[in-house]
2 protein chains.
Amino acid sequence: MSNMLTRVAEIVSRMTIRDVAREAGVSVGSVSRALNGGKNVSARVARDVAAAAEKLGYQPDLQARSLRTRTTGMVGCLVSDVANPLYASIVQAAEARLRDAGLLMVVANTANDPARERAVVAAFRSRRLDGMLVAPGSDENDRAWRELAAGGAPVVILDRDVPHEEDTPWPAVLVDHREGARTATRYLIGLGHRRIALLTPGARMRPGRERIAGFKAAFAEADVDPAGALVCLQESSMDFAQGDALELLRRDQRPTAIIALGTRILAGALRAARDLGLSIPADLSVIAVGDTDLAAVHSPAITALRWSLEDVGRAAAELLLQRLRGTGEGPSRALLPVDLVLRESCAPPTAK
Amino acid sequence: MSNMLTRVAEIVSRMTIRDVAREAGVSVGSVSRALNGGKNVSARVARDVAAAAEKLGYQPDLQARSLRTRTTGMVGCLVSDVANPLYASIVQAAEARLRDAGLLMVVANTANDPARERAVVAAFRSRRLDGMLVAPGSDENDRAWRELAAGGAPVVILDRDVPHEEDTPWPAVLVDHREGARTATRYLIGLGHRRIALLTPGARMRPGRERIAGFKAAFAEADVDPAGALVCLQESSMDFAQGDALELLRRDQRPTAIIALGTRILAGALRAARDLGLSIPADLSVIAVGDTDLAAVHSPAITALRWSLEDVGRAAAELLLQRLRGTGEGPSRALLPVDLVLRESCAPPTAK
DNA sequence: GGTTAAATTGGAAACGTTTCCACTTTTGCG
DNA sequence: CGCAAAAGTGGAAACGTTTCCAATTTAACC
């Protein structure tokens with residue numbers, strides 16, 4: 001047993017730059033230069049060092065390096081729920097781009113808990129991460145981000161409107177939910193719908209706010225009685241039970257069309273419709289916000305608002321990289337478009 | 001402009017342990033002891049140091065600390081596709097548990113590319129991560145894990161059978177796919193089905209292999225003609241187009257029941273069935289492998305094999321933590337059960 | 001009160017890099 | 001060939017911690 005432990009210990013003892021220096025018969029400084037810049041290094045030294053490093057299987061300790069260089073090569077990603085497909089794809093795309101740039105991504109989810117958010121920010125700061133991608137659980141917890149930015153690390157916000165001082169908005173990647181919602185609503189109004197329900201998480205965050213704005217704008221510009229614009233706020237998609245949708249669809253003046261967010265809310269709405277015997281699209285038109293597997297495969301297939309999650313992640317990574325490099329400013333915000341994917345779930349309302 | 005830069009620089013210059021020492025009027029060593037162990041520290045020093053640290057807003061540089069302590073407080077998580085809901089939930093649960101233990105999680109996805117896997121392992125090693133959770137894209141790329149383990153960091157495998165030397169299997173969290181598939185198949189056979197198709201990613205990985213084994217075992221133990229057991233391998237769930245399912249269901253001896261993995265394959269199968277006018281469950285029984293939103297919300301609701309992704313993540317984190325603490329061995333493997341959730345998508349085959 | 005043991009403390013040596021500085025060596029050029 | 005500039009090199013000082021060690025103070029005991 002202790003035998004095994006010592007064996008492990010032996011294996012663990014890694015080669016250091018000093019070992020390489022000794023092996024190559026040069027100084028530590030030269031090894032460092034040879035391995036990194038390659039600048040001001042003679043061919044002979046470069047060759048010998050490379051050979052020695054290869055022979056010894058030397059791999060630099062990036063942890064130690066970062067102590068000296070004051071840069072860790074890691075960026076944080078703070079998100080409320082990685083398991084949410086909407087976030088997962090963003091995280092994945094961002095990670096891919098960042099890793100191509102040689103950066104590691106640290107991920108932390110906060111379950112929308114402000115205290116956790118602050119704890120994560122503290123952890124990120126203490127670990128001296130180079131930068132950070134954040135999608136806060138609400139727009140108001142800006143103290144945490146301010147604090148983080150005070151540490152000097154660039155922060156890129158994902159689809160949120162975090163309050164900022166003066167005229168220096170946070171770098172951010174935004175999705176044009178307003179225009180998306182407007183398009184969807186206009187489409188339904190055009191089909192003849194007059195009572196439309198918008199089911200989305202509340203106004204605590206930008207996406208909800210923007211959708212509501214676009215939703216109402218469509219009613220206003222079509223000169224339709226705005227009383228038909230039913231905004232149903234959910235605190236979060238988790239809380240949205242089927243029951244809420246049932247209640248909505250049982251009203252005597254029930255909506256003839258529904259615009260429902262994501263997977264869970266949409267699922268609740270669909271199930272409620274099924275339970276009430278409402279057929280889609282004959283009795284109820286449905287538009288999904290966010291193009292998930294569920295929307296695409298459901299029968300009938302659900303018309304959906306789609307935006308590219310990959311683009312969001314990629315753009316965020318790009319923005320962050322640009323800040324990290326510190327090269328000329330460039331744009332600090334990106335606004336990504338939302339498309340309406342027409343499928344089979346919308347039809348004119350049945351006269352009654 | 002340069003004004004602003006200097007301002008930022010000022011903010012960035014962090015308090016070090018030396019500043020605290022000066023402020024408290026004690027030595028650096030005492031500060032360290034006071035802030036960490038608290039052992040062998042007088043009440044006066046403890047008080048003064050705490051006050052000084054508080055006043056200066058001191059936060060230790062974990063990066064520097066880890067150079068000395070040879071432990072980084074970070075663990076890696078290597079997975080082929082974080083955007084896959086099956087992985088996302090696991091990652092989330094593991095992250096939650098690890099963060100509770102004060103560890104940060106670095107995530108990397110490899111898109112099933114062995115070269116990327118090796119690159120990630122190299123990066124993890126160079127950054128001296130304390131441990132690692134891996135779900136390789138195939139069971140064969142074990143060179144990489146072996147190399148990683150040689151670095152001394154514990155590795156926990158997620159639902160894979162990675163070849164191991166001698167009698168020391170890798171610590172792993174496994175899901176009992178074999179028993180799950182057997183249960184599902186037995187259920188279908190019990191309903192009267194004799195031609196059943198199993199749609200799952202290929203045998204390159206444990207889950208597929210185990211499912212196939214369970215599937216065949218059910219046929220064997222029921223003494224049913226094994227020719228009815230149609231195993232349809234997909235290289236990966238991504239490649240599974242609707243077309244493959246169409247082809248399968250158009251055969252003259254088409255299966256009367258399907259067991260389909262996950263979201264994408266299941267979606268393809270469902271869409272194919274719809275396009276062919278096959279109604280579920282009258283013409284075709286369907287069982288989903290993995291209980292996704294799609295299965296739960298589809299109409300009819302799809303009977304599904306379910307296992308707890310959260311449990312997988314949690315168990316993996318627990319296993320890893322136990323290794324990290326190095327306290328008594330404990331079990332090195334966990335096998336998690338799979339349940340069959342009965343819904344509406346299965347019925348006896350129509351006589352014909 | 002004296003002696004020994006225990007507790008506390010300061011100073012310095014790590015940890016593995018990069019980078020600065022002074023010093024050689026090479027190169028370029030008239 | 002001589003001389004200045006450029007290029008290459010070794011040694012040592014950081015980076016911010018923890019931890020070892022020796023020295024001091026305090027506590028404990030007879």
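Residue numbers begin at 1 in each chain, while the letters A, B, ... track the order of the sequences.
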Do B:R68 side-chain and D:dT18 base share a donor-acceptor contact under 3.5 Å?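 For B:R68, whose side chain was compared with the base of D:dT18, there is a donor-acceptor pair (under 3.5 Å).
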
For A:G29 and for B:V41, find the nucleotide of DNA chain C with the closest heavy atom, then tell me which residue's nucleotide is more 5'.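 Checking each residue's closest nucleotide, the 5'-ward one belongs to B:V41.
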
Return the value, rounded to whole Å, for the distance between atom [atom1] of [X] and atom [atom2] of [N].
| X | N | atom1 | atom2 | value |
| --- | --- | --- | --- | --- |
| B:N40 | D:dA22 | CG | P | 17 Å |
| B:K39 | C:dA7 | NZ | P | 8 Å |
| A:L62 | C:dC15 | CG | P | 19 Å |
| B:R128 | C:dC15 | CZ | P | 13 Å |
| B:R70 | D:dT19 | CZ | P | 12 Å |
| A:I17 | D:dC15 | CD1 | C1' | 15 Å |
| B:R14 | D:dG16 | CZ | P | 10 Å |
| A:R125 | D:dG16 | CZ | P | 14 Å |

Check the phosphate of [N] against [X], side-chain N and O only, distance under 4.0 Å to OP1 or OP2. Yes or no?
| X | N | result |
| --- | --- | --- |
| B:S32 | D:dT18 | yes |
| B:R65 | D:dT18 | yes |
| B:S30 | C:dG10 | yes |
| A:T16 | C:dG16 | no |
| A:S42 | D:dT9 | yes |

May I ask you to say whether A:E310 pairs ionically with A:R314, meaning some side-chain N is under 4.0 Å from a carboxylate O?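 Result for this pair is no, no salt bridge flagged.
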
Please answer whether the main-chain N or O of A:R116 pairs with a side-chain N or O of A:T110 as donor and acceptor at a distance below 3.5 Å. no

Stepwise, does the side-chain contact (heavy atoms from CB on, under 4.5 Å) test hold for A:L62 with A:R65? CA-CA 5 Å; A:L62 271 46; A:R65 183 208 311 252; 3.6 Å; yes

Roughly how far apart are A:K55 NZ and A:M15 CE, rounded to 0.5 Å? 10.0 Å

Does B:R33 or B:L67 map to a spot on DNA chain D nearer the 5' end, using the closest nucleotide for each? B:L67

Check whether any side-chain heavy atom of A:Y87 sits under 4.5 Å from a side-chain heavy atom of A:N109, and report yes or no.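 A:Y87 vs A:N109: side chains apart.
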
